[in-house]
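As structure tokens, the structure follows; a few thoughts come after it.
Residue numbers run from 1 in the order of the sequence given.
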Amino acid sequence: MPPLPAYFLRPVRQSDAEWLWQLKVATLRGYVEATWGTWNEAQQRSFAARDLRSPTLRIIVLAGEGDAGAIDVARRGSEWFLGRLELLPRLQRRGLGRFLISELQREAALAGLPIRLHVLRVNPAQSLYRRLGFEEVGQTTSHLLMSWTPEPRNQKTASPPGRNA
């Protein structure tokens, strides 16, 4: 697998609305139809408008690629919630999603907080989450509820950064 390009996260602008809509259609429409049997355009546009107002929604920008996807992580008091991770289909299955989630896990571990998420039962991303240590903690008729908890840090045996134990 080639090395991952440099990336950064930028705030969402109102001008991103149509691009985010197209990303949602490209990444979720098939799963929504498989789950509920139909894609209700008006309802989905309403959800997209609500999502656009999220203060934690960010656009993923890749060097050499431009806007590549969207991520929404709400950092709550006792947990972080991964509400959205969508990548353009041409950029999927290249390790970027795994990399972004691993970075999120690293940050959550430093904060000592778990990460929670909901994934549609028909979405194959659930296997990626499982490989990264997320466990199923509940279910709804449409979603799996998953959680990842960092390992407790043992201050007595941990080595300072940059030193071998």
On a heavy-atom basis, which atom in S147 and which in P114 lie closest, and how many Å separate them? OG-CB, 4.4 Å

Going hydrophobic residue to hydrophobic residue with side-chain gaps under 4.5 angstrom, can you get from W36 over to W39? yes

With rounding to the nearest 0.5 angstrom, report the CD to CZ distance, Q22 to R29. 10.5 Å

Would L9 end up clustered with L85 when hydrophobic side chains under 4.5 Å apart are linked, directly or stepwise? yes

How about L145 and R116: do any of their side-chain heavy atoms sit closer than 4.5 Å? no

Which atoms form the tightest heavy-atom contact between A68 and L62, and what is the distance? CB-CG, 3.7 Å

Please verify the inter-ring angle class for H118 with H143; under 30° counts as parallel, over 60° as perpendicular, anything in between as tilted. perpendicular

Report yes if the side chains of Q43 and V32 come closer than 4.5 Å at any heavy-atom pair, otherwise no. no

Do R121 and Q139 get their side chains close enough for a donor-acceptor pair, meaning under 3.5 Å? yes

Would you mind reporting whether T27 and Q92 have side-chain heavy atoms less than 4.5 Å apart? yes

Report yes if some heavy atom in the side chain of S142 is under 4.5 Å from a heavy atom in the side chain of Y31; otherwise report no. no

Would you compute the distance between atom CD of E79 and atom CD1 of I115 and round it to the nearest 0.5 angstrom? 10.5 Å

Short question: side chain of R90, backbone of L87 - any donor-acceptor pair under 3.5 Å? no

Heavy-atom pair of closest approach, residues L128 and G97: CD2-C, 4.3 Å

Point-to-point distance, once rounded to the nearest 0.5 Å, from CH2 of W148 to CG of L82: 12.5 Å

So if you build clusters from Ile, Leu, Val, Met, Phe, Trp, Tyr with side-chain heavy-atom gaps below 4.5 Å, do W19 and Y7 land together? yes

Between D16 and P11, what is the shortest heavy-atom contact and its length? OD2-O, 4.2 Å

For the CG atom of L100 and the CG atom of L104, what is their distance to the nearest 0.5 Å? 9.0 Å

Does some side-chain heavy atom of F134 sit less than 4.5 Å from a side-chain heavy atom of I101? yes

To the nearest 0.5 Å, what is the distance between CG (L52) and CG (L57)? 7.0 Å

Check: R50 side chain, S46 main-chain N or O, donor-acceptor pair, under 3.5 Å: no

Please determine whether residues I71 and F99 belong to a single hydrophobic cluster, defined as Ile, Leu, Val, Met, Phe, Trp and Tyr linked transitively by side-chain heavy-atom distances below 4.5 Å. yes

With a 4.5 Å cut-off on side-chain heavy-atom distances among I, L, V, M, F, W and Y, is there a chain of contacts connecting L28 to V25? yes

Which distance, rounded to the nearest 0.5 Å, do you find between the CD of E65 and the CG of L91? 5.0 Å

Would the number of heavy atoms belonging to other residues, nucleotides or ligands and lying under 6.0 Å from CD of E103 be above 12? yes

For the residue pair L20 and I59, what are the closest heavy atoms and their distance? CD2-CD1, 3.6 Å

Look at the side chain of Q105 and the backbone N and O of L132, then say whether any donor-acceptor pair between them is shorter than 3.5 Å. yes

Residues at least two apart in sequence or cross-chain that pass salt bridge (Lys or Arg N to Asp or Glu O under 4.0 Å) with R13, listed by chain then number, are none

Which atom of D67 lies closest to which atom of V61, heavy atoms considered: OD1-CG2, 3.5 Å

